[in-house]
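Report on the structure given below.
Protein chains get the first letters and strands the later ones, always in sequence-line order, with residue 1 at the start of each.
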Amino acid sequence: MTNPVFALVDCNNFYASCEKLFRPDLADKPVVVLSNNDGCIIARSKEAKKLGIKMGLPVFQVRDLLQKHQIVAFSSNYALYADMSQRVMSTLESLAPRVEVYSIDEAFLDLTGVACSQGLTEFGLEVRRTVQKHIGIAVCVGIAPSKTLAKLANHAAKTWPKTGGVVDLTRKERQRKLLSLLPVGEVWGIGGKLTKRLEQLGITTALQLADADPKFIRQHFSVVVERTVRELNGESCIALEDVAPTKKQIISSRAFGERITDKQQMREAISEYISRACKKLRQEQQQAKHLTVFLRTSPFSDKDAPYSASKSLELDSPSSDTRVFLANAMRLLDSLWVNGYRYAKAGVMLADFYDPGMYQPGLFDEPLVVKESDQKLMQLMDTLNNKHGKTLWFASQGSEQEWGMKREMLSPAYTTNWQELPVAK
DNA sequence: TCTGGGGTCCTAGGACCC
DNA sequence: TCTGGGGTCCTAGGACCC
């Protein structure tokens with residue numbers, strides 16, 4: 001059996017790069033992209049990073065810095081990023097036999113047994129050149145015998161420009177050299193909490209974690225961390241998943257642009273989330289039996305009284321009909337709603353999924369009746385809304401949506417809306 | 001005044017069963 | 001007086017990821 005070889009391809013500063021692509025005037029200017037509601041910084045161009053703009057900071061805390069350095073800020077434009085992502089991924093699929101799309105800006109490639117006459121590094125460079133040429137987005141490539149090492153190789157490629165954006169970590173000595181240079185918190189799967197606990201045990205570098213006894217790690221932590229130790233030693237424990245597993249839950253939630261104090265507005269918001277979630281559910285070709293509704297005040301405010309609550313229910317049988325979930329969500333909301341709070345966020349969650357027609361009703365349950373007309377109605381709605389934007393919706397979603405999110409610095413839908421195509425002058 | 005959204009997996013502990 | 005032990009299932013909460 002040949003040893004596995006993985007490549008991790010990761011787009012550089014993806015959201016910021018997408019925005020720059022359509023604004024050549026900003027080519028070497030600092031750019032940041034903001035979260036929903038223009039709340040925090042979620043992406044930074046390399047110029048913005050250099051100016052000390054940190055990831056995840058609330059915008060109001062860095063407003064002065066943004067202004068001082070004339071940093072250009074964009075509201076997040078997920079329609080644009082998703083479209084660009086798809087283009088990058090299909091380019092990658094043309095270059096490698098098996099591709100796992102891991103996130104909007106990253107993919108693992110399976111290079112096991114790939115005949116590389118020119119060598120793995122040259123293959124990585126070829127990936128870089130092709131994506132740059134076809135899409136105009138810069139990527140870095142990390143190559144290694146396990147996914148966790150490929151992640152680290154990619155990190156190295158990003159951190160040290162001298163690498164030319166490609167790091168091949170198939171050789172053991174190179175692995176150990178890199179591991180010794182990196183703090184343990186850089187390792188995929190080791191977050192803030194684990195970093196602290198590991199440091200207390202004297203494990204501060206990635207190499208020290210790699211050299212730890214897996215049994216000891218299993219006792220003090222979990223199987224997950226044990227697996228990470230093995231992966232760091234080049235033993236592949238996490239397989240490539242080139243077919244996306246079916247989802248186990250679908251969440252739709254959002255912080256409001258303005259605090260909600262009015263129940264009618266909350267009904268609109270919950271209706272909106274339900275219809276988004278159900279649409280996703282139908283896209284997945286699934287039906288759900290479990291519904292949760294939650295709402296909360298801001299956890300950051302010390303002036304507002306805190307309130308956070310959620311309630312769930314099970315449907316008698318799985319469904320993907322928006323109307324069924326709307327009615328039930330309104331019932332849940334009635335039992336959750338308390339007057340007098342300033343609500344900051346709410347959401348819904350669907351879970352317990354079934355393939356249509358695969359649900360086994362209980363012995364004494366009513367037999368299932370699925371009306372074809374109901375399914376047709378939902379299909380029609382999805383088709384219309386996909387084609388022409390949001391044209392058909394339920395009255396309960398409201399038409400004004402005053403609580404909707406702030407996106408004051410939104411870029412145009414360059415690639416997904418004919419009206420907003422860029423114009424060459 | 002202003003702090004994202006959407007996922008996954010694992011563990012501990014309680015309920016329940018024999 | 002003395003009140004088992006082991007297994008399974010479910011859920012809530014915690015940790016991680018991008």
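A distance of about 25 Å separates the P atoms of B:dT3 and C:dC18, rounded to the whole Å.
Distances shown here put every side-chain N or O of A:R63 at or beyond 4.0 Å from the OP1 or OP2 atom of B:dT1. Side-chain nitrogen and oxygen atoms of A:R218 include at least one within less than 4.0 Å of the OP1 or OP2 phosphate oxygen of B:dT11. Between A:R254 and B:dG6 there is a side-chain polar atom (N or O) within less than 4.0 angstrom of OP1 or OP2. Close to B:dC9, at under 4.0 Å from its OP1 or OP2, lies a side-chain N or O of A:K248. For the pair A:S35 and B:dT3, the criterion of a side-chain N or O lying under 4.0 Å from OP1 or OP2 is not met.
A:V187 comes within contact range of the sugar-phosphate backbone alone, with a heavy-atom separation under 4.0 Å but no base atom that close. A:R276 comes within 4.0 angstrom of no nucleic acid atom, judged by non-hydrogen atoms across all strands. Within 4.0 Å (heavy atoms only), A:R296 reaches no atom of the nucleic acid at all. Among the protein residues, A:I250 comes within range of the sugar-phosphate backbone only, with heavy atoms under 4.0 Å from sugar or phosphate atoms but none that close to a base. At the heavy-atom level, A:V223 lies under 4.0 Å from the strands shown only through sugar-phosphate atoms. Across all strands shown, A:S252 has heavy atoms under 4.0 Å from sugar-phosphate atoms exclusively, and none from any base. Here A:L194 lies in heavy-atom contact (under 4.0 Å) with sugar-phosphate atoms only. Nucleic acid contact class of A:K151 (heavy atoms, under 4.0 Å, all strands): sugar-phosphate only. Among the protein residues, A:D38 comes within range of no part of the nucleic acid, since none of its heavy atoms lies under 4.0 Å from any strand. Contact annotation for A:G192: backbone-only contact, meaning every heavy-atom pair under 4.0 Å involves sugar-phosphate atoms and none involves a base.
The distance from atom CZ of A:F353 to atom C1' of B:dT8 is 13 Å, rounded to the nearest whole Å. The separation between A:I190 atom CD1 and B:dC10 atom C1' is 14 Å, rounded to whole Å. Separating the CE atom of A:M89 from the P atom of C:dC18 is a distance of 13 Å, rounded to the nearest angstrom. B:dT3 atom P lies 7 Å from atom NZ of A:K406, rounded to whole Å. Across the protein-nucleic acid pair, A:R227 atom CZ and C:dA15 atom P stand 18 Å apart, rounded to whole Å. Straight-line distance from the CD atom of A:Q249 to the C1' atom of B:dG6: 8 Å, rounded to whole Å. B:dT1 atom P lies 4 Å from atom NZ of A:K303, rounded to whole Å. The nearest whole Å value for the distance from the CD atom in A:E284 to the P atom in B:dG6 is 14 Å.
Among the nucleotides B:dT3, B:dG6, C:dC17, the one closest to the side chain of A:I251 is B:dG6. Considering only the side chain of A:Y78, B:dG4 comes nearest among C:dC17, B:dG4, C:dA15. If you check B:dT11, B:dG4, C:dC18 against the side chain of A:S103, the one that comes closest is C:dC18. Closest contact between the side chain of A:S222 and the listed nucleotides B:dG4, B:dC2, B:dT11 involves B:dT11. Nearest nucleotide to the side chain of A:D105, out of B:dC2, C:dC18, B:dG5: C:dC18. Comparing atom distances between the A:F300 side chain and each of B:dC10, B:dG4, B:dG6 picks out B:dG4 as nearest.
A side-chain N or O of A:N385 and one of A:T391 form a donor-acceptor pair less than 3.5 Å apart. In this structure, a donor-acceptor pair under 3.5 Å is absent between the side chains of A:R407 and A:S76. Side-chain contact, A:R331 with A:N328: a donor N or O sits under 3.5 Å from an acceptor N or O.
Each of A:F60 and A:N37 was assigned the nucleotide of DNA chain B with the nearest heavy atom; the assignment lying further toward the 5' end belongs to A:F60. In terms of position along DNA chain B, the nucleotide closest to A:P58 lies nearer the 5' end than the nucleotide closest to the other residue of the pair A:K280 and A:P58.
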Side chain to side chain donor-acceptor pair (under 3.5 Å) between A:E19 and A:N77, intermediate numbers included: CA-CA 9 Å; A:E19 296 293 350; A:N77 185 343; 4.7 Å; no

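Classified by interplanar angle (parallel below 30°, tilted 30° to 60°, perpendicular above 60°), the ring pair A:Y15/A:Y81 is parallel. Note: A:Y341 and A:Y307 have parallel aromatic rings, judged against thresholds of 30 and 60 degrees for the angle between ring planes.
Searching all strands for a Watson-Crick or G-U wobble partner of B:dC18 with both distances below 3.5 Å returns C:dG5.
In this structure, A:K147 forms a cation-pi arrangement with A:F108, its terminal cationic atom sitting closer than 6.0 Å to the ring centre and no more than 45° off the ring axis.
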